[in-house]
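All remarks here apply to the structure that follows.
This structure is a prediction, so every number in the text was calculated from the model and none was measured. Here, residue 1 is the first one in the sequence, and each next residue gets the next number.
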Amino acid sequence: MSVKSISFRMEEEMLDKLGYVAEYEGRSVNSHVLVLIRQNIKMFEAEHGIIEGTIPPYDNVKSPRKG
């Protein structure tokens with residue numbers, strides 16, 4: 001499995017709070033974000049089914065808001 005790097009913007013206060021939670025849990029911010037992402041994927045798959053195969057980029061976008 002290859003490792004990719006991404007960057008994103010967030011408010012400084014949110015980053016500080018994320019750092020606090022990560023330190024409390026004994027993790028780096030990066031490791032804590034990965035834990036949160038894995039939990040979110042697991043919850044999504046529990047509700048919608050396993051995500052399998054290669055996902056084309058046009059399918060890997062946020063869906064429009066529901067009503």
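- Remark: Ile41 CD1 to Ile50 CD1 distance equals 11.0 Å, nearest 0.5 Å.
- A 4.5 Å side-chain heavy-atom check between Met10 and Leu18 finds at least one atom pair inside the cut-off.
- When the side chains of ILVMFWY residues are joined at heavy-atom separations under 4.5 Å, either directly or via intervening members, Leu15 and Val33 end up in a single hydrophobic cluster.
- For Glu23, the CD atom counts as loosely surrounded, since its 6.0 Å shell holds 12 or fewer non-hydrogen atoms of other residues, nucleotides or ligands.
- Smallest separation of non-hydrogen atoms from Ala22 and Ser28: CB-O, 3.7 Å.
- Taking NZ from Lys42 and CG from Asn40, the interatomic distance works out to 12.5 Å, rounded to the nearest 0.5 Å.
- Note: the hydrophobic cluster containing Met43 does not contain Ile37 (ILVMFWY, side chain heavy atoms under 4.5 Å, direct or indirect links).
- Remark: Ile6 CD1 to Lys4 NZ distance equals 12.0 Å, nearest 0.5 Å.
- Atom CE of Met14 sits about 13.5 Å away from atom CZ of Arg9, to the nearest 0.5 Å.
- Note that OH of Tyr20 and CD of Glu25 are 11.0 Å apart. Values are rounded to the nearest 0.5 Å.
- Taking the side chain as every heavy atom from C-beta outward, Lys17 and Val21 never approach each other to under 4.5 Å.
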